[in-house]
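Inspection log for the structure reproduced underneath, given as structure tokens.
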Amino acid sequence: MQLSTYFLSLQNPPSLSYRHRLCHHYLSKRPFRHKLICTLANSADQRSSELVTTLQSETLKTLEWPSLCNYLSPFTSTSMAFSLTKTAAVPVGQSREESQKLLDQTTSALHALEALKSEPLDLSVIEDVSEILHSAASGQVLTVRELCRVRRMLGAARAVSEKLAAIAEGGSLERYTPLLEILQGCNFQLELERKIGFCIDCSLSTILGRASEELELIREERKRNMENLDFLLKEVSVSIFQAGGIDKPLITKRRSRMCVGVKATHKYLLPGGVVLNVSSSGATYFMEPKEAVELNNIEVKLSNSEKAEEMAILSLLTSEIAESEAEIKYLLDRLIEVDLAFARAAYAQWVNGVCPILSSKESEMLISNGADNALSIDIEGMQHPLLLGSFLSNSTDFITSNSMGPSVLGNTSGEMTPIKSSKVVSNFPIPIDIKVQCGTRVVIISGPNTGGKTASMKTLGLASIMSKAGMYLPAKKQPRLPWFDLVLADIGDSQSLEQSLSTFSGHISQICEILEVASKESLVLIDEIGSGTDPSEGVALSTSILQYLKNRVYLAFVTTHYADLSRLKEMDPQYENAAMEFSLETLQPTYQILWGRTGDSNALTIAKSIGFDGNIIERAKMWVESLMPEKQQERKGVLQQSLMEERNSLEAQFKRAESLHAEIMKLYYEVSSEAENLEERERALRAKETQKVEQELNAAKSQIETVVQEFENQLQTANSEEFNSLVKKSESAINSILKAHQPGYSFSFTETDTSSYQPVSGEQVHLKGLGNKLATVVAASEDDDTVLVQYGKIRVRVEKSNVRPISSSKQNIAISSGQSFERQGEQSREVPSNSDATESGAITYGPLIQTSKNTVDLRGMRVEEAELQLDMAIAARGSNSVLFIVHGMGTGVIKERALEMLRNHPRVMKYEQEKPLNYGCTVAYIK
């Protein structure tokens with residue numbers, strides 16, 4: 001793509017022009033050495049260019065430029081722009097004019113975003129068709145879908161251009177000119193788009209008949225031929241069906257020819273027919289009738305002609321796309337520029353960015369002549385972009401809450417008036433001020449470790465690259481900084497075991513290469529210059545390097561712990577000192593830059609503030625005066641060491657607390673999940689038991705109705721002597737059914753003894769075998785324990801134990817509800833009524849319904865753990881309540897210990913088995 005040539009700035013340094021002058025000098029003196037010297041000069045140029053590329057790439061990686069580009073990714077709309085941001089290949093201006101153009105595009109996109117709030121510009125519909133264009137140019141015939149993708153892209157590009165033009169007409173044209181200029185001169189291939197739309201139905205992905213006259217004629221002729229062939233095959237298949245040659249008429253296609261199905265035994269029905277295929281079982285033949293051979297031949301011929309004509313149409317459209325490849329690629333590049341401009345604008349809104357002013361040498365001279373303290377770099381309240389991006393990504397107002405309010409800022413350079421978001425700037429990361437006076441060429445930053453020296457230097461480097469790339473800066477007011485052709489950095493450990501480089505050797509090698517390619521418009525960043533060797537030699541070498549840089553680069557930022565380097569300002573005004581502020585009250589860095597000052601360790605002041613003996617402090621001051629300069633450097637690290645140890649200790653404590661909190665929360669969620677699962681399983685079991693009871697009840701009813709139906713049928717043909725035997729036989733059958741469906745356990749009643757109950761004739765009772773249905777007593781037998789009852793039309797003799805009386809007292813209601821819940825699997829009962837409890841002096845506990853809140857499950861625990869859980873559960877229960885203890889059976893150890901605790905516990909009124917046949921659960925009544 002042409003956009004790829006618009007990316008990273010890699011200008012040749014002035015040293016190359018010197019080599020060219022040298023070449024011309026020798027050519028004028030010694031013409032016979034022309035070929036050799038030019039070859040050497042070209043080789044040197046190539047090596048220098050490669051070195052610039054390598055150093056620039058390493059600098060971008062050191063400053064974490066790829067990570068910053070990743071923050072642009074969510075704001076892109078097209079896959080092409082997304083890929084560029086992910087690979088850190090966003091365009092960077094190769095000159096001040098190009099960078100200013102990118103900034104103007106960002107500003108114009110900000111205005112467009114505000115104007116298009118109600119109907120935002122949708123660039124996501126623009127597809128990447130570069131691979132399709134390459135295929136077309138290489139001679140491959142494009143498919144229908146690929147042609148439709150090209151058509152959609154062209155239509156979307158034209159819509160974007162028209163929409164931008166519409167908002168420009170509705171507002172100030174100057175605001176949107178930079179955006180309109182991007183697409184100016186683009187050929188949107190309107191004719192090609194119309195041709196594809198005329199020939200292809202993209203919604204159905206088919207070639208239309210109107211694409212060519214030949215294709216339309218072929219399709220019409222093929223349609224008529226298919227109608228004749230279909231009519232013929234239908235007649236043949238119907239005749240075969242009528243002759244019994246097939247189960248139903250069958251017309252199908254085999255080997256690209258239409259045919260009919262016929263049984264193998266009736267193949268003779270198609271004399272002269274051609275067998276095209278046989279079914280897998282061999283029972284059916286697929287045959288082409290003799291009369292259909294010619295029509296099938298015509299169909300095959302027309303089908304091939306249609307495919308050939310369609311291929312010709314696709315080839316024609318493909319050739320037109322191949323001819324327009326360069327123009328379409330250019331259009332794609334310009335659309336990527338538009339997408340990146342809107343991405344930079346959205347990023348500016350997100351970080352509340354402001355448009356930087358790129359100062360030139362001429363403007364710097366005018367500014368310096370007009371004021372004594374003129375600044376070449378004036379950045380106020382700049383936040384580190386990566387730290388800010390990380391903070392905003394984790395906040396709740398990511399992207400969506402960024403509302404843009406136009407704020408007109410003064411701009412004396414004549415460029416477009418920028419606007420910025422009205423969002424309040426976050427206090428994290430801590431903003432810093434970078435203010436460098438005109439004429440300053442070297443800034444030396446000193447101060448304690450972890451004070452923010454390196455971060456401040458990286459902030460300046462990123463600000464320079466962002467402004468070159470047309471990105472707004474997360475700062476206050478309107479920052480001003482020069483345009484740097486190269487940003488070169490030596491930050492971090494350059495040790496390399498593969499190249500046998502120590503830490504010091506790695507730094508020196510990197511600085512040597514930087515000095516070789518740096519120019520008068522370059523920004524150089526060096527961290528801990530001269531470190532890793534003898535302090536005295538390190539100071540001497542650092543001083544020499546800085547004096548060299550002073551005359552070779554626009555600006556050099558260096559950090560150091562050497563106090564001697566800070567004295568260079570006294571000898572040369574082109575040097576400037578800066579220090580990272582350190583709070584003596586909190587003993588913590590404030591990350592603010594103090595310009596014009598040098599960093600101190602403040603060790604003695606800190607020691608005095610925390611309560612050291614005054615004599616010790618005075619003696620320490622005497623030692624400081626007598627110590628050599630290199631020994632003083634060791635004292636500077638004492639405070640830093642103590643701070644680091646304290647911070648590490650606090651971080652370790654925090655990690656332990658965080659780990660413990662995570663374990664507790666994990667246990668809490670596991671317990672909560674188990675509790676929810678228990679309730680779900682309980683509901684599932686109850687539903688299953690209820691369904692089972694209903695099924696048994698329906699089965700019993702069905703069987704009884706069958707017996708009654710048989711009885712009525714036999715009654716119609718029976719005489720009077722057989723009547724009694726039929727009645728007894730039916731009663732016996734019904735009684736057997738009731739016995740078969742009655743529960744295998746007996747119901748126990750705490751307050752009513754049904755063994756003494758004697759039903760009387762005419763009384764309504766409950767039949768347990770029929771789910772407590774109401775029945776009427778017909779006659780009670782005194783000889784045995786049976787009673788004759790009538791249920792609907794059915795009279796049946798049942799045992800008295802299966803009959804329960806109906807009473808209005810609360811006692812009988814409790815028994816009835818207890819048996820009903822027992823029958824449906826519910827774990828609920830009723831304890832003695834209030835009236836009886838009052839008479840007997842007992843306490844009323846209310847309905848006993850087992851829930852997750854009044855149940856303690858001791859299964860699977862050790863005895864000691866079970867004791868603790870049971871004691872806590874009893875203590876947690878309120879007065880006059882019940883507690884269900886699920887101890888299971890197992891070895892019986894848990895159950896015995898639980899019962900022993902219940903017997904001796906002062907709060908337990910009494911306890912009993914939960915169900916007559918459930919020995920794994922005990923109910924305790926709490927006082």
Side-chain angles (χ1 to χ4, degrees), residues 62-65 67-68 71 347-348 350-354 356 375 377-398 402 420-436 443-467 471-481 489 491-492 525 527-528 557-559 561 576-602 606 639-640 643-644 646-648 650-651 654:
T62 299
L63 298 179
E64 299 179 86
W65 174 249
S67 299
L68 181 60
Y71 285 118
Y347 174 81
W350 184 46
V351 300
N352 194 44
V354 292
L375 300 175
I377 298 180
D378 185 8
I379 303 177
E380 183 175 341
M382 174 76 177
Q383 294 175 292
H384 194 290
L386 293 179
L387 297 178
L388 180 61
S390 176
F391 173 76
L392 293 177
S393 297
N394 296 326
S395 63
T396 57
D397 59 347
F398 179 63
N402 292 316
K420 70 170 187 175
S421 166
S422 60
K423 177 183 161 191
V424 179
V425 179
S426 168
N427 291 326
F428 181 85
I430 298 174
I432 62 172
D433 298 336
I434 304 177
K435 298 179 180 292
V436 181
V443 176
I444 302 171
I445 305 179
S446 58
N449 289 325
T450 69
K453 300 189 300 294
T454 305
S456 301
M457 189 164 56
K458 285 186 173 181
T459 301
L460 175 60
L462 284 175
S464 303
I465 299 175
M466 289 174 68
S467 61
M471 297 176 65
Y472 278 27
L473 305 183
K476 298 177 182 178
K477 297 183 179 178
Q478 193 164 13
R480 177 187 297 273
L481 71 165
I491 301 174
L525 309 172
D527 189 27
E528 302 293 349
F557 253 68
V558 299
T559 65
H561 285 286
E576 180 61 85
N577 291 329
M580 303 307 299
E581 186 181 26
F582 192 87
S583 174
L584 299 179
E585 298 178 356
T586 62
L587 303 183
Q588 294 289 337
T590 63
Y591 306 105
Q592 295 295 330
I593 303 178
L594 303 177
W595 293 94
R597 294 179 55 180
T598 59
D600 299 323
S601 65
N602 298 310
I606 295 172
L639 175 61
Q640 179 63 26
L643 289 174
M644 292 293 293
E646 180 67 19
R647 186 187 69 175
N648 294 337
L650 291 175
E651 286 181 352
F654 172 75

| query | Could you give the distance from CG (Leu386) to OG (Ser67), rounded to the nearest 0.5 Å? | reply | 6.0 Å
| message | How long is the straight-line distance from NZ of Lys476 back to CG of Asn352, given to the nearest 0.5 Å? | response | 10.5 Å
Measuring only between side-chain heavy atoms, which start at C-beta, is [X] closer than 4.5 Å to [Y]?
X	Y	value
Leu525	Leu63	yes
Ser393	Trp350	yes
Val351	Tyr71	no
Pro356	Leu481	yes
Ile445	Met580	yes
Pro474	Met466	yes
Tyr347	Leu68	yes

Closest non-hydrogen atom pair, [X] against [Y]:
X	Y	answer
Ala475	Val354	O-CG2, 3.6 Å
Ile379	Arg480	CG1-O, 4.3 Å
Leu473	Ser467	CD2-N, 4.4 Å

Flag, side chain of [X] to backbone of [Y], donor-acceptor distance under 3.5 Å:
X	Y	value
Gln592	Pro431	yes
Ser446	Ala579	no
Gln383	Pro429	yes

| task | Could you list the residues that satisfy side chain to side chain donor-acceptor pair (under 3.5 Å) with Ser464, not counting sequence neighbours? | result | none
For [X], check side chain to side chain contact (heavy atoms under 4.5 Å, CB included) against everything at least two apart and list the hits.
X	result
Thr454	Lys458, Ile491, Asp527
Thr459	Met382, His384, Ile432
Glu576	Thr440, Val443, Lys569, Trp595

| said: My understanding is that only residues two or more places apart in sequence, or in another chain, count here; which of them pass salt bridge (Lys or Arg N to Asp or Glu O under 4.0 Å) with Asp378? | reply: Lys435
